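Here is the structure we will look at.
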Amino acid sequence: MRNLIAFVLMLLSSATSVLAQVSIGIGLPGMSIGINLPVYPELVRVPDHPVYYAPELNTNLFFYDGLYWVYRDDNWYASSWYNGPWGQVGRDAVPLYVLRIPVRYYRQPPAYFRGWRPDAPPRWGEHWGGDWARNRGGWDRWSRESAPALAPLPVYQRGYSGERYPQQVAQQHSVRDQNYYYQPREAIVLQHFQSRGKVGGRGQDRGQ
């Protein structure tokens, strides 16, 4: 009986470990998060950061390392296209340079940002708690000189709006492969494309 209980506990522990690994990655796309952009957004670089933001939108949309990133309802989401579909990203997997975006570049900051320094990143360790802070210790310490280069913007997407916008993920990746050759750096971004069999690396965006 003891051996049976130990075996069941071992199985439960393994299942929990697998779920934890899955939860920190990018979920399968298909999620609607209440964003409906009619056209490709204007994207402007966040000064001294390898990230773009969308100053004309009333939403927290960024572009980094070949993906769009959205912060909404205390969750992060990512997509390779400006209007989704979106996959949720576990907070332990969000790239550090996305977490380091200063508060002032959030166009729809949540109430708990109030009082935080506008020129500093959000206080994620304070907000998400000690376990998160220990797991990602030093996330807010970096040298501007060591920051990676900006990924080229996927400007080819300007030609896809309204009825032309590709709704199917397979179609999105097909169009991307024909127009955008950037090779991602971040492991989580590579995972996003490799899981769909699509990773760039043949050059740069032809639209630049």
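Treat the numbers as computed from the prediction; the structure is a model and nothing was measured.
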### Reference residue Y52; test side chain to side chain contact (heavy atoms under 4.5 Å, CB included); the match among V44, L43, L61
L43

#### Entry: R144: partners by side-chain contact (heavy atoms from CB on, under 4.5 Å), with sequence neighbours left out
D48, H49, W142

### Message
Let me check something: do Y165 and V39 share a hydrophobic cluster, defined by ILVMFWY side-chain heavy atoms less than 4.5 Å apart, either directly or through other members?
### Response
no

### Task
Return the set of residues passing side-chain contact (heavy atoms from CB on, under 4.5 Å) with N75 (not counting sequence neighbours), or none when no residue passes.
Y77, Q88

### Message
Could you work out, with side-chain contact (heavy atoms from CB on, under 4.5 Å) as the rule, every residue matching P166, not counting sequence neighbours?
### Response
W81, Y160, Q171, Q172

### Residues which pass side-chain contact (heavy atoms from CB on, under 4.5 Å) with E126, listed by chain and number, not counting sequence neighbours
W116, R123

## Note on the structure
Between P50 and L150 the two heavy atoms that sit nearest each other are C-CD2, 3.3 Å

### Ring centres under 6.0 angstrom apart (W69, F62)
no

### Task
List for me each residue that meets ring-ring contact (aromatic ring centres under 6.0 Å, His included) alongside F63, sequence neighbours excluded, and say none if there are none.
Y68

### Message
How long is the straight-line distance from OG of S161 back to CG of L37, given to the nearest 0.5 Å?
### Response
11.0 Å

### Task
Using only heavy-atom distances, determine whether the side chains of Q157 and Y180 contain a donor-acceptor pair under 3.5 Å.
no

## Note on the structure
Correct closest heavy-atom pair for Y182 and G66 would be CE2-N, 4.0 Å

### Task
Give a yes or no on this: more than 12 heavy atoms of other residues, nucleotides or ligands lie within 6.0 Å of atom CG of D73.
no

### Query
In terms of side-chain heavy atoms, does W128 have a donor or acceptor partner in D74 at a distance below 3.5 Å?
yes

Would you list the atom pairs, donor with acceptor, under 3.5 Å between side chains in residues 94-108 and any protein atom, with sequence neighbours excluded?
from	atom 1	to	atom 2	distance (Å)
R100	NE	W139	O	2.5
R100	NH2	W139	O	3.0
R107	NH1	R104	O	3.4

